[in-house]
Enquirer: 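Before anything else, here's the structure in question.
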4 protein chains.
Amino acid sequence: MPKISDARKESRRQQILDAARRCFAREGFHATTTADIARESGVSQGTLYLYFATKDDVILALADDRRESEALVHAMAQSEQDPAEGLALLLEVYGRSLADPARDEARRVGVQGWAEALRNPTIRAGVTAGMAEVRTELVRLVERGRAAGRFRDDIDPDAVARTLIATFQGLTLQAAWGEPLDLGGIGRLLRAMIRGALFTEPSFADATQPRDRE
Amino acid sequence: MPKISDARKESRRQQILDAARRCFAREGFHATTTADIARESGVSQGTLYLYFATKDDVILALADDRRESEALVHAMAQSEQDPAEGLALLLEVYGRSLADPARDEARRVGVQGWAEALRNPTIRAGVTAGMAEVRTELVRLVERGRAAGRFRDDIDPDAVARTLIATFQGLTLQAAWGEPLDLGGIGRLLRAMIRGALFTEPSFADATQPRDRE
Amino acid sequence: MPKISDARKESRRQQILDAARRCFAREGFHATTTADIARESGVSQGTLYLYFATKDDVILALADDRRESEALVHAMAQSEQDPAEGLALLLEVYGRSLADPARDEARRVGVQGWAEALRNPTIRAGVTAGMAEVRTELVRLVERGRAAGRFRDDIDPDAVARTLIATFQGLTLQAAWGEPLDLGGIGRLLRAMIRGALFTEPSFADATQPRDRE
Amino acid sequence: MPKISDARKESRRQQILDAARRCFAREGFHATTTADIARESGVSQGTLYLYFATKDDVILALADDRRESEALVHAMAQSEQDPAEGLALLLEVYGRSLADPARDEARRVGVQGWAEALRNPTIRAGVTAGMAEVRTELVRLVERGRAAGRFRDDIDPDAVARTLIATFQGLTLQAAWGEPLDLGGIGRLLRAMIRGALFTEPSFADATQPRDRE
DNA sequence: TATGAATGAGACTTCATTCAT
DNA sequence: AATGAATGAAGTCTCATTCAT
């Protein structure tokens, strides 16, 4: 009985979260009412409160999108051997995510989470934790590259991590706004910038040129 | 009388906007009430509505911070002759702004404007217009650099513009969150990336190395 | 089988009522939820409704505490022969009840029942019926005392009944509030007042002085 | 401007409190909604919250009826010279209040305040403070009577105070329930009881017999 | 022009009760 | 008989906006 019940409970929770994401993406956190979420998820308002203590709890569960940062960390961790390959994978995974229309809502909700993080400490904690994971992994990757002699010695790993993440964030923002991004061109430029600034020899661009997407 | 009255009116408006900025930076757009703004600006709620038609009007006036983009555009326009200098100036002006504690509130309000732009078309128009100006000027700058033979031919001006702006946005976001940014290191890295990717010869870094600030 | 089932049912009912009394004493009728009662009694909310039709039904079953009035009536009925003894017993039984910490919860719930009786006719009926029984028995006791020549002729039995009951109620109220009552002193005073106002000769006090408790 | 404004404010507050008292007397604290109070007082719900922070605030302002205890204290303080007269006045003032139909609502609300005092510390403080004032004054009165040789030496002032107050409370309760009280008879009995228990000589009853009311 | 009391729609949340399992 | 998830009506309180002074 507990197993079925637990599975049910989790699926119900997801059903509500999915509805909430749609609402939040459409109207924003604050313009979305709990009635909206209930209606969209097909449950009563009372039921909503069986699964989440408050509306803020729902926001909390969505504002911090672990999947994005997990995917990025995973990409970098894949290529223990070759830091260059790790960077290339990172760009590719992130580019793919940016181009994915299925992630439109997540992006919009994510940007709202950034704003919410400014005044909600719990949300801030979640959001910056996700960022910190990616940053840590990036720093390690750059350090490995330096140790292997692939990256220049005068490169600051932390600056690289912060800067790349900042660029990703800005592109996410523009994508959320529906700005027309030429991801192919931007990807090529990013690879060129990385190659020019990080690498000891100019092999990066050619070696990592992905099969042209989008 | 109209002139004096106009000046009065404008000063009153600014007084309210300054108060609103402080409130918004502290609590966010939605958690700030019109009563909060009135109290903080020292006028009555009724008076508030003599200067702004709705609360959204106040948000609108603050969400889109022209000063930032105007400064950037101005920096680039300064150096009609030398595109490299234009880029250097851009980085410097933006770095100075990022490091300026006096702009803390503007940054926080700006990030909230980004989220608000997702669902408020008017705000979106304002915010993206500011971004478009900077982008246009950047594109022109890169094109001039290519024409002058300073920049590589295979560089996509639009990608450069979008990417640099994205990076600025991401850094603004992290600064708004209070993340500790090593702006010196980040500036050096950015110059290296730009030099490596854009320039036909590696003079950028040295020529533009600013008197060390941070 | 029906007999066992009935016993089970009754014990279950009591289990729920005991839990409800604890809840009501702690939080009051209105601040106690049916979920509270269910939790405290260790049954599910659904089960609660197998034993009581509504929450008001539970309140009803507790607001009117028959045990108190039954004990008082019984005390008076004991001494058919000597009305003085009846009064003495009444005071003693009531004093014992007032001093009994085990009746703390019942007192608190009782006081809430008084308030509830103001707007719930059914509760009012129950509460005033209990009071009426005590009153009737007191009136009969005083009348017997008058007939036997022990009590003064100009005494109004109804006034005596109402007044004594009122005093009991007030003391119950103060005890429920946790006021420090010197029950010994109050008992002595009450006996003196009764003796002075009711009796034809001043034997009451000495004859009825109980072995000092409290 | 402030004087008019203050007067207005106070009158508005009273208007709301009067309406609330009517509602509470009719339906009880908990069954009365803030919408009920607003409707009954002829203001909007929003306005209600301009004058009271919460519904509990309104309850608080009504649960503790200072007027009653103040009147009683005043009655006792009047007759500095003659304690007997003080007691007589006390009974008379209280009897008058009990018989006053204009105080019906106050009585009903008061009884609800007793119940509320069980779980709301602030209300408890207010209610018991009122009781303490009357008690203190009664104790002082009895002590004066003993010092003057009018009252017996073996009388416990505190017991007298507690017991008389308890009787008043119980009679208030019964009056609130609409029980038919023969106040004349009860008053006579109370005087007889006081005379018999407190006085050194039996002059009380005759000396203080009031012009027969009710 | 300035005020601030008044408004009322609507948000979030609770809770007594039901019912499928 | 027992469960506990689900319901939805209703309650308290907030707040952007208006308007008489």
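Convention: sequence-line order gives letters A, B, ...; per-chain numbering from 1.
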Enquirer: Judged by each residue's nearest nucleotide on DNA chain E, which is more toward the 5′ side, A:Thr54 or B:Leu48?
Expert: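 Of the two residues, B:Leu48 wins.
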Enquirer: Is it true that D:Gln15 and D:Ser41 share a donor-acceptor pair across their side chains at a distance under 3.5 Å?
Expert: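 Short answer, no.
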Enquirer: Both distances below 3.5 Å, Watson-Crick or wobble geometry, any strand: find the nucleotide opposite E:dA20.
Expert: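 The base-pairing partner of E:dA20, which may sit in any strand shown, is F:dT3.
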Enquirer: Could you check whether A:Glu116 pairs with A:Arg124 (Lys NZ or Arg NE/NH1/NH2 to Asp/Glu carboxylate O, under 4.0 Å)?
Expert: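 The answer is no: the pair does not qualify as a salt bridge.
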Enquirer: Measuring to OP1 and OP2 of E:dG4, would you say a side-chain N or O of B:Ser44 lies under 4.0 angstrom away?
Expert: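 Checking E:dG4 against B:Ser44, no side-chain N or O comes under 4.0 Å of OP1 or OP2.
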Enquirer: Provide, to the nearest angstrom, the distance between the OH atom belonging to B:Tyr49 and the P atom belonging to E:dA6.
Expert: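 Distance check: B:Tyr49 OH to E:dA6 P gives 18 Å.
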Enquirer: How many whole angstroms separate atom CZ of A:Arg39 from atom C1' of F:dT7?
Expert: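 In whole Å, F:dT7 C1' and A:Arg39 CZ are 16 Å from each other.
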Enquirer: To the nearest Å, give me how far apart CZ (A:Arg8) and C1' (F:dT3) are.
Expert: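 Rounded to whole Å, this separation is 14 Å.
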Enquirer: Applying the Watson-Crick and G-U wobble criteria at under 3.5 Å, what pairs with F:dT14? Answer none if nothing qualifies.
Expert: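 Partner of F:dT14: E:dA9.
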Enquirer: For A:Gln45 and E:dC12, give me the distance from atom CD to atom P, rounded to whole Å.
Expert: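 Roughly 8 Å, once rounded to whole Å.
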Enquirer: So D:Tyr51 and D:Val58, side chain to side chain contact (heavy atoms under 4.5 Å, CB included) or not? Walk me through it.
Expert: CA-CA 9 Å; D:Tyr51 293 89; D:Val58 182; over 6 Å; no
Enquirer: Does this structure show an ion pair linking C:Arg103 with C:Asp65, if we count only N-O contacts that are shorter than 4.0 Å?
Expert: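 C:Asp65 and C:Arg103: salt-bridged.
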Enquirer: Of D:Gly46 and D:His30, whose nearest nucleotide on DNA chain F comes first from the 5' end?
Expert: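 Going by which nucleotide is closer to the 5' end, it is D:His30.
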Enquirer: Looking only at the side chain of D:Tyr51 (C-beta and beyond, no hydrogens), which of the listed nucleotides E:dA11, E:dA5, E:dG4 gets closest?
Expert: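 Of E:dA11, E:dA5, E:dG4, E:dA5 is nearest to the side chain of D:Tyr51.
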Enquirer: For D:Arg12 and for B:Thr47, locate the closest nucleotide of DNA chain E by heavy-atom distance; then report the residue assigned to the nucleotide nearer the 5' terminus.
Expert: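 On the 5' side of the pair lies B:Thr47.
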Enquirer: Just the rounded figure in Å: distance from P of F:dA6 to CZ of A:Arg13.
Expert: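 The distance from CZ of A:Arg13 to P of F:dA6 comes to 14 Å, rounded to the nearest Å.
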Enquirer: Return the 5'-most residue of the pair B:Thr32, D:Thr34 with respect to DNA chain F, ranking by each residue's nearest nucleotide.
Expert: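 This one resolves to D:Thr34.
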Enquirer: Taking atom P of E:dT13 as reference, at what distance in whole Å does atom CG of A:Asp56 sit?
Expert: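 Computing the A:Asp56:CG to E:dT13:P distance gives 8 Å.
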Enquirer: What is the distance from CD of A:Glu10 to P of F:dA5, rounded to the nearest Å?
Expert: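 Atom CD in A:Glu10 sits about 14 Å away from atom P in F:dA5.
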Enquirer: Rounded to whole angstroms, how far apart are CD1 on D:Ile37 and C1' on F:dT12?
Expert: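 Computing the D:Ile37:CD1 to F:dT12:C1' distance gives 11 Å.
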Enquirer: Among the candidates F:dC15, F:dT17, E:dT3, find the nucleotide nearest to the side-chain atoms of B:Leu50.
Expert: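 In terms of side-chain proximity for B:Leu50, the closest of F:dC15, F:dT17, E:dT3 is E:dT3.
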Enquirer: Please find the pair of heavy atoms, one from B:Leu118 and one from A:Ala176, that lie closest to each other, and give the distance.
Expert: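 That closest heavy-atom pairing would be CD2-O, 3.6 Å.
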